[in-house]
Student: 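What follows is a single structure, and I will ask about it in a moment.
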Amino acid sequence: MTHDKEPDFLPTVIKTAAEVFISLSEDFFFIMDSKGKIVEENQSFIQVFGKLSYHHDLQLINFLIEDHQSEFRDCLTDFSNDLMSQRQLDLCFRVSASEKLWLSLRMVKKQELIFCVGRDISNFKEKDKEVAKLLQAEQQLSEELTAQNEELERSIQMAEEARETIRLKEQRISSIYNQTPALLIATDMNGVIMEVSDYFLTHLKIDKTQLIGHSYVELVSDRYKKAVLDQLLHQNSNSHHTLEVALGINERNIPMVLSIATERQKRKNIGFLIVHTDISERIKAEQKLSDYKNNLEAIINANRDLVLMIDGSHKIVTFNRAANTYFRRLQAKDMKVGDWISDYMPTSEHDFFDHCFESAIRKNKSLHFVREIALNEKSKRWYTIHFYPVKGADHNAPSVVLSIKDVTFVKRGEERFKELALNYSSIINQMSVGVMLYTLDFDIIRANDRFYEMLGYSEEEYRQMLTWESTHEADREKSRAMAMSLIKGEIDRYQIEKRYITKSGEPLWVLLNVAMIKNDEGEGTHLISVIQDISAQKLMEKELLYRTKELDTFVYRASHDLKGPIASITGIQQVMGMEFKENEAVMNYLNHQQKNAEKLNKILNSLLDLVTVKDRPITLRKINLKQFFTAISEEYDRPDVVSFDLTGCSSLHILTDEGTLYSIAQNLIENGIKYAKENQLAEIKISTHKKKDQIKISIADNGRGIHPNDQDRVFDMFYRACDVQQGTGLGLYIVKNAVDRLSGSILLNSYPGRGTEFVITLPAS
């Protein structure tokens, strides 16, 4: 059913429902006029505010605390002036002497009345106070924590500074132990090792874990343990003590000198610092010096010459057995250290010996004489006398070694020989070569005019020179060694090329032939030398070597420069072959030209190999021949063409140049393949064996072989013994040069139709 208008009772119902709702609500409902006077209120308002005073002229502002009254008046003023129609305020009311009530008040103005709804928010405000207190407490705590953090940061900074100071101290200590090249060990007061320097560990090759935590006394060899232990127990904090011991490390006894000091900290002894000095080398040197001294004494005593050492005051320092025996036989008394040398010399010779001693010491130069002296004041005999100054640490000569040898027999023999030599002097002087006769002590007896003419000296000038002085410095050692071998009877004669230094200072190349002249008993008495001037020959050899070097350089450069044009020609031929492949005549020409280009390229490669072999520096290294030839055979991966037999190749070692040996082997193997019989597998057999200090390498094939008429020329340049294969004729020439470079030799064994064998002989080292 539809109603055209509302029933009359509806406003009354709505009003009644509103009054019921307002009266039952827990919120505060009241109405004020524009002056703030309460006109109407609900039961909740009456229950709370009626406790103070309840009357119809109630003013809301009377219940407000003073702090909120001004805000409330401003709100009423705004309502009166129509500045707003509604507003919400949080106001605090005093409902009793000790009780307050917070209301969240919402006010709405309708016509002249202000309708208010308030909700109790006292609990929230109390919580806000608690929160404020908490915030205040938190702020205070934060400030205290900030202050504590600042103090903590200052403490941390001080700790870091202290830690850095400690780190620097530890670093300094570590640098002492690890960077100082000293053998250091630090122990506690009980001798337990606390720290060891790296230099100690490296020098003695021992691991740190073997030392740290162990007693230092355990390192010391048994015979020194007690001395070291006593030293540690009685070590004074203000003293340093040194003692010699031996450390037993890794089954080695290492002699050491220890310097022990006490470590102190804050006036308290905390341990020991032990500095070691390894005296192994010193002991070895002392032993070596002792052995050297004993050996020197043995050598001097074994010498048949009279050897004495005289100090600057002409007193005898020492003498050998031969000197004591000789002078005891002459003067019937033993020599004594400290005697004057003049006591053993005739009075007539005192001035001579004094002058020689002073001259040797002052000039610091050896003197040599052959003199006739009567040592026993009765009969004169001939002696060779040598004065050798002995240099001190400051290069002065505070003493002299005197060597005397009785050469009376030799001198008399020389005199007899001179008588005989007079008969031949004219013949010798007319010879075109130099001839020199001299004693086994290398004193010249006679030399012909041609010898002095070659050197540019007069006879008097040459005789004043020292032995070997005229020989070039680079040839002296070799000449002296050969001469000594001749004198010792190890050889009968020798021939060498050497250089003399002429008076003008120019070197003179000679061919020297030296032989021993023997007496009827077969004993050597003199040496004779024949000196032939070969300076012109040496000059020609030098020029030939220079020309050969120039030729090798030319061959290398020409071969290297021609390879480029040949490569270009080959490339052009390939392009033309592609363009004219249908033209048979042109292709025939191109094929012919291609073969010639390939042949020329092979020749150039061989020439380059030859120059490489001749110029390559020799670098010696130890080579296992079994491994060497096995590696070469593995390079030929052509089982249908060649096979290798290495059963006779043993694991010998040779010290030689690997590249040059490889060139020899490769060329001989390639020859064996190149000259194999037609339609037959090439077989290469390699064997090695050692004989004394030489190693022989045999490389044999089963090829066509070489005719006997060609075998003498197979090592010549560009010679080809067989025309079946178009070789360059350089392979065996390269092999021969390579063998020569290794100071070896090569031998050919070949039979036509039965194959060829090359035997290379090389020094083992």
Side-chain angles (χ1 to χ4, degrees), residues 1-140:
M1 184 173 91
T2 304
H3 299 281
D4 295 334
K5 60 180 180 178
E6 296 179 354
D8 293 337
F9 67 88
L10 186 58
T12 302
V13 172
I14 293 173
K15 180 179 179 182
T16 303
E19 290 175 352
V20 172
F21 176 76
I22 291 171
S23 63
L24 295 177
S25 175
E26 293 181 357
D27 292 338
F28 297 88
F29 290 91
F30 59 93
I31 302 171
M32 299 184 302
D33 60 14
S34 60
K35 301 298 184 179
K37 179 182 177 182
I38 298 173
V39 178
E40 191 67 44
E41 63 279 326
N42 69 346
Q43 189 64 36
S44 296
F45 186 89
I46 293 172
Q47 288 177 356
V48 174
F49 290 96
K51 295 177 182 179
L52 292 176
S53 63
Y54 180 77
H55 50 82
H56 291 286
D57 293 333
L58 182 66
Q59 291 285 337
L60 186 63
I61 195 171
N62 295 331
F63 296 99
L64 290 172
I65 64 174
E66 293 179 358
D67 293 342
H68 291 181
Q69 289 179 2
S70 176
E71 184 179 6
F72 181 72
R73 288 192 187 97
D74 292 340
C75 182
L76 291 179
T77 301
D78 290 338
F79 278 127
S80 299
N81 296 331
D82 293 328
L83 296 177
M84 62 179 64
S85 61
Q86 62 179 1
R87 189 166 179 182
Q88 182 173 344
L89 296 175
D90 288 345
L91 299 175
C92 183
F93 296 88
R94 188 179 301 279
V95 295
S96 68
S98 61
E99 184 179 359
K100 294 180 181 179
L101 175 66
W102 278 90
L103 292 180
S104 178
L105 191 63
R106 184 176 181 83
M107 296 179 290
V108 179
K109 183 178 181 183
K110 292 293 183 179
Q111 296 178 0
E112 294 300 325
L113 296 177
I114 300 172
F115 295 86
C116 303
V117 179
R119 178 163 292 179
D120 187 354
I121 59 171
S122 299
N123 291 336
F124 295 107
K125 287 298 183 178
E126 290 298 326
K127 290 181 179 179
D128 287 344
K129 288 181 180 179
E130 292 177 2
V131 170
K133 290 180 181 179
L134 290 174
L135 289 175
Q136 185 178 1
E138 181 183 4
Q139 179 66 25
Q140 185 177 358

Student: Could you tell me which non-hydrogen atom of Lys35 sits nearest to which non-hydrogen atom of Gln59, and how far apart they are?
Tutor: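 Shortest heavy-atom separation between Lys35 and Gln59 comes out as O-OE1, 3.4 Å.
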
Student: Over all heavy atoms of both residues, which pair between Lys109 and Phe79 is shortest? Give the atoms and the distance, please.
Tutor: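 Nearest heavy atoms, Lys109 then Phe79: NZ-O, 2.6 Å.
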
Student: Which heavy atom of His68 sits nearest to which heavy atom of Leu64, and what is that distance?
Tutor: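 Looks like O-CD1, 4.0 Å.
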
Student: Nearest 0.5 Å please: distance from the CD atom of Glu41 over to the CE atom of Met32.
Tutor: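 The CE atom of Met32 is 12.0 Å from CD of Glu41, to the nearest 0.5 Å.
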
Student: Would you give the length of the straight line joining atom CG of Leu103 to atom CG of Asp120, rounded to the nearest 0.5 angstrom?
Tutor: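 It comes to 6.0 Å.
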
Student: Show, in sequence, the C-alpha distance, side-chain angles and deciding distance for Leu101 and Phe28, and conclude whether the side chain to side chain contact (heavy atoms under 4.5 Å, CB included) test is met.
Tutor: CA-CA 12 Å; Leu101 175 66; Phe28 297 88; 3.9 Å; yes

Student: Show the nearest heavy-atom pair for residues Ser34 and Ser80, with the distance to one decimal.
Tutor: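 Distance-wise, the nearest heavy atoms are O-OG, 3.9 Å.
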
Student: Supply the atom-to-atom distance Arg119 CZ to Gln88 CD, rounded to the nearest 0.5 angstrom.
Tutor: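 Between atom CZ of Arg119 and atom CD of Gln88 there are 10.0 Å.
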
Student: I'd like to know if the side chain of Asn42 reaches the main chain of Asp27, judged simply by a donor and an acceptor atom lying under 3.5 Å from each other, with no hydrogens or angles considered.
Tutor: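 Yes.
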
Student: Near Asn123 CG, under 6.0 Å, is it more than 12 heavy atoms from other residues, nucleotides or ligands?
Tutor: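 For Asn123, atom CG is not crowded (no more than 12 foreign heavy atoms under 6.0 Å).
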
Student: For the side-chain contact (heavy atoms from CB on, under 4.5 Å) test, which of Val39, Leu76, Leu60, Ile38 pairs with Ile114?
Tutor: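 Considering Val39, Leu76, Leu60, Ile38, a side-chain contact (heavy atoms from CB on, under 4.5 Å) with Ile114 is found only for Leu76.
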
Student: For Phe72 and Met107: C-alpha separation, side-chain torsions, deciding distance, then whether side chain to side chain contact (heavy atoms under 4.5 Å, CB included) applies.
Tutor: CA-CA 11 Å; Phe72 181 72; Met107 296 179 290; 4.2 Å; yes

Student: Under a 3.5 Å distance rule, please check whether Ser122 uses its side chain to pair with a backbone N or O of Trp102 as donor and acceptor.
Tutor: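 Indeed, once roles are kept as given, a pair shorter than 3.5 Å links the two residues.
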
Student: Once you round to the nearest 0.5 Å, how far does CD of Glu99 lie from CZ of Arg94?
Tutor: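 If we round to the nearest 0.5 Å, Glu99:CD and Arg94:CZ are 11.0 Å apart.
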
Student: Which pair of non-hydrogen atoms, one from Phe45 and one from Phe29, has the smallest distance, and what is that distance?
Tutor: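 Looks like CB-O, 4.3 Å.
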
Student: To check you understand the geometry: which heavy-atom pair defines the closest contact between Ile61 and Gln69, and what is its length?
Tutor: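 In this case the closest contact between Ile61 and Gln69 is O-NE2, 3.6 Å.
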
